[in-house]
Amino acid sequence: MGKTYNPHEIETTWQSYWEEHKTFKVAEDSNKEKFYLLEMFPYPSGRIHMGHVRNYTIGDVVARYKTMKGCNVLHPMGWDAFGMPAENAAIESKTHPAQWTYSNIDMMKQQLKRMGFSYDWDREFATCDVQYYKWEQWLFLQMYERGLAFRKKSYVNWCDSCRTVLANEQVEGGLCWRCKAEVSQKELQQWCFRITQYADELLKSLDTLSGWPERVVTMQRNWIGKSYGTEIAFTIEHTDEPITVFTTRPDTLYGATFMSLAPENPLALKLSEGTEQAAAVRAFVEKVLKQDKTVRCSDDLEKEGIFTGAYCINPVTGYRMPIYVANFVLMEYGTGAVMAVPAHDQRDFEFAQKYGLEIKVVIQPEDSDLNPATMTAAFEDEGRLVHSDQFNGQKNTDAMQAITAFLAEQGLGRKAVNFRLKDWGISRQRYWGAPIPIIYCEDCGTVPVPAEQLPVVLPEKISLEVLGRSPLADCAEFVNTTCPTCGKPAQRETDTMDTFVESSWYFARYACPDYDKGLLDGKRVRYWMPVDQYIGGIEHAVMHLLYARFFTKVLRDLGLVHVDEPFTNLLTQGMVCMETYQCENCGWLYPEEINQGNCTRCERPVQIGRTEKMSKSTKNVVDPEKLIATYGADTARLFCLFAAPPERDLEWSDKGVEGSYRFLQRVWRLVTEHTALLNDAAAVDWHGVDEADVKALRRKTHQTIQKVTDDIETRFHFNTAISAVMELVNQLYQFDVDKDTSPVRTAAFREAVQAVLLLLSPMVPHICEELWHQLGNTGTVFTAAWPVWESATARADEIEIVIQVNGKLRGKIMVAADAPEALIKEQALTCDSIQQWIAAKEIIKVILVPGKLVSIVVK
RNA sequence: GCGAGAGUGGCGGAAUGGCAGACGCACUGGGUUUAGGACCCAGCGGGAAACCGUGGGGGUUCGAAUCCCCCCUCUCGCACCA
């Protein structure tokens, strides 16, 4: 009898072994196929949560599997360490963000090590390390030189709770992505990255990302939002100044009867200046700008506007179009001005009705006749042009081209594309981030910090009392400097960079984290990049994943990387959730304790709670620490892999965890109760072995190897891989290994047990490592070769063939695996169990699906 | 509103044109045990049966959870995009 399964002892033993032997350290090796596996690095919030456990377990399985398959696997880990939680926590607990961050890193690193992940810890870095952000500042300067980093004043998203600016990608439904507070618009000077310069390429090369989930590609495509249309200039009456609009419907130009401006459009105030409208327009604009994004963009917000007092002229009809300011016009899309065609745009229609503006039909449907006086809604479908001079009678889809061409000829407009994507505002008015390396000099203006003066180090002594400006602004030693150009006193930029900047290039830095001569070591980067498999949450579909793609293209154009795209394959794993049920009598229940809405214990109806994402904000959180303390890391890993396929949400179940633990004990006993016998097993010649149960076991072993390999390699379906191994283990329990002392019997048993350990080792490495060694193997299971299946052994001699009559299952026969088609058909037709179904009937067709079934069609 | 994905036992989930419900959880019975737990074995969609069953309805096919059309529900993303 072997000793009992003690996960803690085994796990700490092997974790120390791996650490001492630097088992997971990698270096470039041109003789091996490289494989770069990366999971999205964590923010050091304090402790790891179940989402981390799941994400990193999935990654670890792939890393270990690829290593066993002979690849040179890069599997690094680090910390996305700048950011506001550190600053907020520091203010609250009167510590320093750096101290808070680094102590969290220590804590979480211990937790990750306790999970037994196969990271090359020698490559670890935190993005708040000076050596890291120094190169980021250097990159900023390169981008500044090329016009990719620039400063501009504009309306930006402002989160009053975080007291900082947010990029468009960081506003979710009008709320701050981080704190869920309402976002308002504020006019600010800030630094931007010209991501729009790469808009076309970012869109086009989405097509090359065949290893990405379609969902993410679509989200990015929509986010970039390229639309084709026409730019048209309308001259403002009594001036030479034009208002330019972007429209995707140039075919409706003859029906444009007024102009709508976004409240943010500077023309709004300018045009009304000096008119009797001025005060009213100003009041309206102020009212709209004060509204937060949720209110302003809500569905049921009434369309409102105000006349500016000015007119512009429709270039093709000469119509005198009143210029309005309208609350539904967006400054950030197109030009912030819209030509309004009430007959053919529902919003304009409603607006025109409200303010008594003319509705002019210029497109008629084929089957009816629109009358502006009786229309109840805009007509937005296809039709033929009317009231449109030489374009009358054309199909509107053709007229789009024709009118655009006409405008171009007359110098009144041109073909244009418009992107929804906006430049990335990166200034953040907070302390805990990478300083922007810019100096402002009264004489020389904006001066970049010379590269040799980098890094611009964050000052340590700082007051973090935040008042809507960067705390750095109140730190005299930081702000006051001398101009690098003229040497006179000058001031530093005090905003810091968005933390998404750090995560936009960290993946490349892992190739050469120690490199001190530049941002990246070309040689090593060339070996490791791109990331072959990236794994992380879907929540980064347009933020991080878009920025990282942008940076990769910038780095490429700077000659620093050789790839166009950073991540060849992307796996987006689902969230960890917990469904909550409550019985008034028995308290909290698990899903398996409920039968048709009733509590299985007391039969009373239960209250069903929401399925909630496990996060700090909900109370029903499972702490991985406790899970490990109770069952060990292997059980935690196994449960995460077994309960659901990776891309789906994982529903937590305490009972499911127990089941995982039970399976590991079952594996443990299988080996430890037969150690002596297993160690006696010798290599045998399998030729001529014909004991049925031995053959069956070997068949199952090889079938399992094939199934598990396929599930991991092509689909990441670890749940079905595990269930396949469970089946093999069940069969091993049924196998009577002590029936006789035949060497073939023990050899088949050992072969199967070894397969179990090898196949499970990427998923539950500790227990497999321990048992692997108890079987007398040396070295680590991590570097043992992945087992190979023999198709001849996996193939059955006899197979079951299902017989269908008119599509219904009517019988089954056993046939030799290599039986000829005609014989199988004949056996099917003569088989007793189906006679009653085919007798006295005309057989029309007999279909054979090799290895599966015979389908008989009768009449 | 637009786009994407999903809907299968009491529960998590298998099966992607070929035996629906693998594997696990829960449950039931048996074995073992002084007893309980643990463990081992068996059963486990509905129905007495014929049969009926993969959100609902239609279609293609010898054969549909799987493919096509319509509808319903849920989740996610975008959303006054001119």
Side-chain angles (χ1 to χ4, degrees), chain A residues 172-174 213-223 225 227 229 245-249 252 256 260 296-301 303 326-330 332-341 344-348 350-351 418-420 538-539 541-542 574-575 579 581 590-598 600 611 639 642-645 647-660 662-663 665-666 669 717 719-727 729-730 733-734 800-812 844-847 849 851-858:
Chain A
E172 297 173 342
E214 190 53 42
R215 185 152 80 111
V216 177
V217 171
T218 308
M219 278 162 76
Q220 291 215 354
R221 185 171 290 126
N222 292 343
W223 188 263
S227 48
V245 304
F246 171 82
T247 179
T248 54
R249 292 295 305 273
T252 63
S260 308
R296 200 174 151 195
C297 296
S298 73
D299 266 346
D300 38 289
L301 182 78
K303 288 172 187 38
N327 63 347
F328 63 87
V329 180
L330 305 170
E332 60 270 25
Y333 186 80
T335 60
V338 183
M339 72 173 202
V341 186
H344 305 292
D345 181 285
Q346 186 57 29
R347 291 159 304 181
D348 296 342
E350 287 169 30
F351 197 85
N418 188 65
F419 287 97
R420 190 181 168 283
I538 186 77
E539 66 272 18
V542 278
M575 292 182 306
E579 190 154 336
Y581 296 92
Y590 290 102
E592 53 268 21
E593 293 172 315
I594 286 150
N595 191 350
Q596 294 185 322
N598 293 318
T600 50
T611 301
F639 174 74
F642 183 60
E647 63 276 7
R648 274 209 225 178
D649 284 353
L650 183 152
E651 209 168 284
W652 186 263
S653 152
D654 277 11
K655 293 287 182 188
V657 175
E658 279 173 36
S660 296
R662 203 144 51 213
F663 172 67
Q665 281 184 300
R666 215 165 135 77
R669 282 196 312 271
H717 278 200
N719 55 334
T720 49
I722 292 164
S723 72
V725 179
M726 284 174 168
E727 283 182 52
V729 169
N730 289 346
Y733 266 87
Q734 305 279 313
E800 192 184 59
I801 296 284
V802 169
I803 307 168
Q804 292 182 348
V805 180
N806 286 352
K808 290 204 189 297
L809 175 70
R810 297 303 186 195
K812 290 174 185 179
I844 298 178
K845 223 197 286 190
V846 179
I847 298 153
V849 182
K852 293 221 165 106
L853 58 66
V854 175
S855 183
I856 304 165
V857 188
V858 298

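Here is the naming used below: chain letters follow the sequence lines, and residue numbers restart at 1 for every chain.
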*Whole angstrom is fine here: how far is it from CZ in A:R420 over to P in B:rG77?*
14 Å

*What is the nucleic acid contact for A:E214, judged by heavy atoms within less than 4.0 Å: base, sugar-phosphate only, or nothing?*
nothing

*Indicate yes or no for a side-chain donor-acceptor contact from A:N418 to the backbone of A:S227 under 3.5 Å, with no hydrogens or angles considered.*
no

*Would one find a side-chain N or O of A:N730 under 4.0 angstrom from OP1 or OP2 of B:rG24?*
yes

*Look at all strands and tell whether A:R215 reaches a base, only sugar-phosphate, or nothing, counting heavy atoms closer than 4.0 Å.*
sugar-phosphate

*Base, sugar-phosphate, or nothing: which does A:R810 touch, judged by heavy atoms less than 4.0 Å apart?*
sugar-phosphate

*Compare side-chain N and O positions of A:Q734 against OP1 and OP2 of B:rC41 and report whether any pair is under 4.0 Å apart.*
yes

*Contact nearer the 5' end of RNA chain B, comparing A:R669 with A:S660*: A:S660

*Using a cut-off of 6.0 Å, state whether more than 12 heavy atoms not belonging to A:R215 lie near its atom CZ.*
no

*asked:* As an exercise, state the distance from CZ of A:F246 to OH of A:Y333, rounded to the nearest 0.5 Å.
replied: 5.0 Å

*Just by distance, do the side chain of A:D649 and the backbone of A:M575 share a donor-acceptor pair under 3.5 Å?*
yes

*OP1 or OP2 of B:rC27 sitting under 4.0 Å from any side-chain N/O of A:K655?*
no

_Between B:rC51 and B:rA42 - P atom distance, rounded Å_ = 30 Å

*Sort out the partner of B:rU32 for me: Watson-Crick or G-U wobble, both distances under 3.5 Å, none otherwise.*
none

*If you take atom types as modelled and just measure distance, does the side chain of A:K303 reach the base of B:rC80 with a donor-acceptor pair under 3.5 Å?*
yes

_Pairing nucleotide - B:rA49, Watson-Crick or G-U, each distance under 3.5 Å_ = none

_Would you say A:T218 places a side-chain N or O within less than 4.0 Å of OP1 or OP2 belonging to B:rG3?_
no

*Quote, to the nearest angstrom, the C1' distance that separates B:rA15 from B:rU33.*
40 Å

*asked:* Distance check needed: B:rU75 P versus A:E539 CD, whole Å only.
replied: 19 Å

*Does B:rC2 pair with anything, Watson-Crick or G-U wobble, both distances under 3.5 Å, and if so, with which nucleotide?*
B:rG77

*Write down the partner of B:rA22 under the Watson-Crick or G-U wobble criteria, each distance required to be under 3.5 Å.*
none

*Touch check for A:D345, heavy atoms < 4.0 angstrom, all strands: base, sugar-phosphate only, or nothing?*
nothing

_Counterpart base for B:rA14, defined by Watson-Crick or G-U wobble contacts under 3.5 Å_ = none

_Please give the distance between the P atoms of B:rA26 and B:rC11 as a whole number of Å._
15 Å

_Side-chain N or O of A:N418 versus OP1/OP2 of B:rA82: is the shortest distance under 4.0 Å?_
no

*So what does A:V857 touch, heavy atoms closer than 4.0 Å: a base, only the sugar-phosphate, or nothing?*
sugar-phosphate

*Measure the distance from CD1 on A:I856 to C1' on B:rC19 and round it to the nearest whole Å.*
15 Å

*Pairwise side-chain contact, A:N730 with A:R666, heavy-atom cut-off 4.5 Å (strictly under)*: yes

*asked:* Nearest to the A:Y333 side chain among B:rG13, B:rC81, B:rC19, which nucleotide is it?
replied: B:rC81

*What integer number of Å spans the P atoms of B:rG7 and B:rG56?*
13 Å

*Take atom CG of A:L650 and atom P of B:rC25, then tell me their distance rounded to the nearest Å.*
16 Å

_Starting the side chain at C-beta, find the nucleotide from B:rA82, B:rG13, B:rG24 nearest to A:R347._
B:rA82

*When you compare B:rG3 with B:rC69, how far apart are their P atoms, in angstrom units rounded to a whole number?*
14 Å

*Applying salt bridge (charged side-chain N to carboxylate O under 4.0 Å, His left out), name anything that partners A:E727, two or more places apart in sequence or on another chain.*
A:K700

_Toward the 5' end of RNA chain B, by each residue's nearest nucleotide, A:Q804 or A:R249_ = A:Q804

*Euclidean distance, atom CE of residue A:M575 to atom C1' of B:rC76 [Å, nearest integer]*: 9 Å

_Please confirm whether the shortest side-chain N or O distance from A:R666 to OP1 or OP2 of B:rC40 is below 4.0 Å._
yes

*With rounding to the nearest 0.5 Å, note down the distance linking OG1 in A:T720 to CE in A:M726.*
11.5 Å

*Send over the distance from A:N719 CG to B:rA14 P, rounded to a whole Å.*
5 Å

*Determine the Euclidean distance between corresponding C1' atoms of B:rG21 and B:rU66; express it in Å to zero decimal places.*
15 Å

*In whole angstroms, how far is the P atom of B:rG13 from the CD atom of A:E651?*
7 Å

*Are A:R648 and B:rU75 close enough that a side-chain N or O sits under 4.0 Å from OP1 or OP2?*
no

*Does B:rG43 have a Watson-Crick or wobble partner in any strand here, with both distances under 3.5 angstrom, and which is it?*
B:rC27

*Looking at A:F351 versus A:F328, is the centre-to-centre ring distance below 6.0 Å?*
yes

*Rounded distance (Å) that lies between atom P of B:rC19 and atom CD1 of A:I803*: 14 Å

*Could you work out the separation of B:rC52 and B:rC39 based on their C1' atoms and round it to a whole Å?*
39 Å

*Under 4.0 angstrom, heavy atoms only, what part of the nucleic acid is A:K812 near: base, sugar-phosphate, or nothing?*
base

*With the side chain counted from C-beta on, respond yes when A:R249 and A:V341 share a heavy-atom pair under 4.5 Å apart, and no when they do not.*
no

*Using the P atom on both, measure B:rG17 against B:rA65 and round to a whole Å.*
13 Å

*asked:* For a quick check of understanding: with a heavy-atom distance under 4.0 Å over all strands, which category does A:V329 fall into, base, sugar-phosphate or nothing?
replied: base

*Determine: side-chain N/O of A:R662 to OP1/OP2 of B:rC25, distance under 4.0 Å, yes or no.*
yes

